[in-house]
*Asks:* 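Submitted below is the structure of interest, expressed as structure tokens.
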Amino acid sequence: MYTQALDSSGAEPRSPASAGDAERERRFQERIDRDEKIEPKDWMPEAYRQTLIRQIAQHAHSEIVGMLPEGNWITRAPTLRRKVVLIAKVQDEGGHGMYLYSAAETLGVSRGELIEQLLAGRAKYSSIFNYPTLTWADIGAIGWLVDGAAIMNQIPLCRCSYGPYARAMVRICKEESFHQRQGYEIMLTLARGTGAQREMAQDALNRWWWPSLMMFGPSDTESVHTAQSMRWKIKRFSNDELRQRFIDVTVPQAQFLDLSLPDPALRWDEAAQHFITGPIDWSEFQTVLKGHGPCNRERLGARRAAHEAGRWVREAAAAYADKHRDRAGGGAERYAQAI
Amino acid sequence: MSAAAESALPAAGEDHPRYVLRLADTSLVLGQRLCEWVGHAPALEEDLALGNIALDLIGQARLLLAHAGRIEGRGREEDQLAFLRDAPEFYNVALAEQPNGDFGATIVRQALLDAWQLELYHSLTASADERLAEIAAKALKECRYHWRFSCGWLVRLGDGTAESHARAQEALEALWRFTEELITPDALDVRMASLGIAPPLAVVRARWEARIAAALKEATLRQPSSHHYPWHGKSGVHTEHLGHLLGQMQHLQRTYPGVTW
């Protein structure tokens, strides 16, 4: 899963500190213009580094927090097949979190520091995960819409200028595409099921449609970082371009399910060859972003509770590793380093 | 299993599916417990590991339930068996249904059961029930990994800090009373062993005891001395916890009977 189009609140890129920096920065931009990948040991402007750390960390946090709304249905999945598929999906998200934290670590920040920022409420994650999963159909809707939106956002990141992030995204995109198909298949089964199942599917679509459109972030006119991120090839398409692409792909999928989208203004524009939606309620987005959504407290509360409850376990692992440092106990040592 | 292999099986009647359900239900119930950890474990690595073990266990349960349904011959498939039986018709050992508690209690429960499943599946690879032997061979590979994980953590917690040692020891004291059921044969175990479908539990007992004693020693944990009460989860007499676990697991199938998911 994914983070919404990224954060417009960080430090503005600064002008180079010296003439030497200016020259390095010029060469750096030339490499990017030639579509070369930037690797961890290469020189990079501090603002590029900070933008990437912020973006990759938000993405990693989103994967980890995103385990919670879907994890909410693992113990209640309706069949054993659905249960194992859902566990595997949530595992994939945890795995994505791991590669992304590792990618961020190549920029000189530790996983521990990033997690501290998340738990202290200083880091963002995608606001979509602050919505509740109320019925089984929400698991279908998340796979179809949320992972579908994630794919639109992430495919261009496979060509991101920063090598470790781009490479992590290749694998992540493959898995997301699988998740999206699984989610759609749940929706199809419900939409073709009994009246109660159909209602469940429609209700889930009603609740997830608008938050999914908001995942692409504020409209281009409001998004301050787009231009610089595009020059650096961290971002390749604007929020509105990606959102439109998602709408154009998803509306026919809803029609195939014979479910209705909760937007009376939705129409096909023949001249533009696009589906045009009604206005997005950005005040809701801002409310959720500021921490007042339906589950912000629960999601962060669950992460904090797990972290606190796990403290004695991590301390035990570290103490054991200290006592047995000379022994070949790869697992314990790896663990001690991770904390 | 081929028809010829099926007909070559000793006539075990209802005992046979009942025995397979014991194995299936133990994996299913333990897997369901581990599902509760997903998203809440002490670190990301442990979250993924517990989820992977849950996946393996539920995978084993699916194969075993399908097999039990086939030999039972009443047309029940895996989901009917998993979602439409009530607690007295579940035959898992009572240890598997015990609540997760803290990470230490989960690890102690897991290590005690991993060691048991490892020895049991090892013996079952020679079962006269060929299909069961095949499933055991697959499960055995998974159990080796599960044991490596749970035993590794048992040792780290036992020999970690004073707090982790105390927590692990306390969990061991609380859960040890459920282990007698794992290694003491009842009439069904004896009948299955006499037909070559199951191993004599005495064999499993000796290996399990040795494995656990060695792990506890390395973990600097003290083995509790007595087994307090003869639990009969494998005959369908459970602790209070199983009904709640099933209530949650079976909720959708019970609320919307007979629909396709």
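We name chains A, B, ... by the order of the sequence lines, and we start the count at 1 in each one.
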*Asks:* What part of B/Ile107 lies closer than 4.5 angstrom to a heavy atom of chain A: side chain, backbone, both or neither?
*Replies:* neither
*Asks:* Any Lys/Arg nitrogen of A/Glu116 or A/Arg122 sitting under 4.0 Å from an Asp/Glu carboxylate oxygen of the other?
*Replies:*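 Salt bridge between A/Glu116 and A/Arg122, a charged N being under 4.0 Å from a carboxylate O: no.
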*Asks:* Considering residues, nucleotides and ligands other than B/Glu170, do more than 12 of their heavy atoms fall under 6.0 Å from its CD?
*Replies:* no
*Asks:* Is any residue of residues 248-261 of chain B within less than 4.5 Å of chain A by heavy atoms, and which ones?
*Replies:*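 The stretch touches chain A at B/Gln248, B/Met249, B/His251, B/Leu252, B/Gln253, B/Tyr256, B/Val259, B/Thr260, B/Trp261.
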*Asks:* Who among A/Gln91, A/Arg76, A/Lys83 has the most heavy-atom pairs with chain B under 4.5 Å?
*Replies:* A/Gln91
*Asks:* Sub-3.5 Å donor-acceptor pair from the side chain of B/Asp129 to the main-chain atoms of B/Arg131, do we have one?
*Replies:*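 Present.
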*Asks:* Would you mind checking which part of A/Val90 comes under 4.5 Å of any heavy atom in chain B, side chain (CB onward), backbone (N, CA, C, O), both or neither?
*Replies:* side chain
*Asks:* Which answer fits A/Ile64, side chain, backbone, both or neither, if we ask what part of it has an atom under 4.5 Å from a heavy atom of chain B?
*Replies:* side chain
*Asks:* Just give me the residue among A/Ile74, A/Leu68, A/Ile87 that pairs up with chain B most often, heavy atom to heavy atom, under 4.5 Å.
*Replies:* A/Ile87
*Asks:* Residues of residues 193-203 of chain A under 4.5 Å from chain B (heavy atom pairs)?
*Replies:*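 Interface residues of residues 193-203 of chain A: A/Thr194, A/Ala196, A/Gln197, A/Met200.
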*Asks:* Could you check whether any side-chain N or O of B/Arg85 sits under 3.5 Å from a backbone N or O of B/Glu89, counting only pairs where one atom can act as donor and the other as acceptor?
*Replies:*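 Here the side-chain-to-backbone pair exists.
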*Asks:* B/Ala41 versus chain A, heavy atoms under 4.5 Å apart: side chain, backbone, both or neither?
*Replies:*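 Contact with chain A involves the backbone of B/Ala41 alone.
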*Asks:* Measure B/Leu28 against the heavy atoms of chain A and call it side chain, backbone, both or neither at under 4.5 Å.
*Replies:* side chain
*Asks:* Rounded to the nearest 0.5 Å, how far does OG1 of B/Thr106 lie from CG of B/Asn100?
*Replies:* 4.0 Å
*Asks:* Ion pair present between B/Glu134 and B/Lys138, side-chain N to carboxylate O less than 4.0 angstrom?
*Replies:* no
*Asks:* Would you mind telling me which of B/Val38, B/Ile58, B/Leu55 has the largest number of heavy-atom pairs within less than 4.5 Å of chain A?
*Replies:*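 So the answer, after comparing B/Val38, B/Ile58, B/Leu55, is B/Leu55.
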*Asks:* Is the shortest side-chain N to carboxylate O distance from A/Arg181 to A/Glu185 below 4.0 Å?
*Replies:* no
*Asks:* Look only at the side chain of B/Glu36 and the backbone of A/Thr75, and say whether a donor-acceptor pair between them is shorter than 3.5 Å.
*Replies:*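 A pair under 3.5 Å: no.
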*Asks:* Would you mind checking which part of B/Asp47 comes under 4.5 Å of any heavy atom in chain A, side chain (CB onward), backbone (N, CA, C, O), both or neither?
*Replies:* both
*Asks:* In this structure, which one of A/Tyr101, A/Phe129, A/Tyr125 forms a ring-ring contact (aromatic ring centres under 6.0 Å, His included) with A/His61?
*Replies:* A/Tyr101
*Asks:* For the pair B/Asp25 and B/Arg22, find out whether any cationic side-chain nitrogen is under 4.0 Å from an anionic carboxylate oxygen.
*Replies:* no
*Asks:* Any side-chain to backbone donor/acceptor pair from B/His238 onto B/Phe90? Under 3.5 Å, distance only.
*Replies:* yes
*Asks:* Would you mind telling me which of B/Glu78, B/Arg62, B/Arg33 has the largest number of heavy-atom pairs within less than 4.5 Å of chain A?
*Replies:*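 The answer is B/Arg62.
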*Asks:* Could you state the interatomic distance from NZ (B/Lys234) to CG (B/Leu95), rounded to the nearest 0.5 Å?
*Replies:* 12.0 Å
*Asks:* Is NZ or CZ of B/Arg156 both nearer than 6.0 Å to the six-membered ring centre of B/Trp153 and within 45° of the ring axis?
*Replies:* yes
*Asks:* Sort by residue number and list every member of residues 295-308 of chain A having a non-hydrogen atom under 4.5 Å from chain B.
*Replies:*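 Listed by number: A/Ala302, A/Arg303, A/Ala306.
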*Asks:* Checking A/Leu80 against chain B: side chain, backbone, both or neither under 4.5 Å from a heavy atom?
*Replies:* both
*Asks:* Is it true that, when you exclude A/Arg311 itself, more than 12 heavy atoms of the residues, nucleotides or ligands shown sit nearer than 6.0 Å to its CZ?
*Replies:* yes
*Asks:* Has B/Tyr145 got more than 12 heavy atoms of other residues, nucleotides or ligands less than 6.0 Å from its OH?
*Replies:* yes
*Asks:* Checking the side chain of B/His165 only, and the main-chain atoms of B/Asp159 only, is there a donor and an acceptor separated by less than 3.5 Å?
*Replies:*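 Judged by distance alone, no pair lies under 3.5 Å.
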*Asks:* With sequence neighbours excluded, tell me which residues meet side-chain contact (heavy atoms from CB on, under 4.5 Å) with B/Arg167.
*Replies:*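 Per chain and number, B/Arg167 pairs via side-chain contact (heavy atoms from CB on, under 4.5 Å) with A/Trp312, B/Asp102, B/Glu163.
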*Asks:* At what distance, to the nearest 0.5 angstrom, does OG1 of A/Thr106 lie from OH of A/Tyr165?
*Replies:* 12.0 Å
*Asks:* Is A/Arg82 close to chain B through its backbone or its side chain, or both, or neither, when contacts mean heavy atoms under 4.5 Å?
*Replies:*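 Only the side chain of A/Arg82 comes within 4.5 Å of chain B.
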*Asks:* Any side-chain heavy atom of A/Tyr184 within less than 4.5 Å of one from A/Asp147?
*Replies:* no
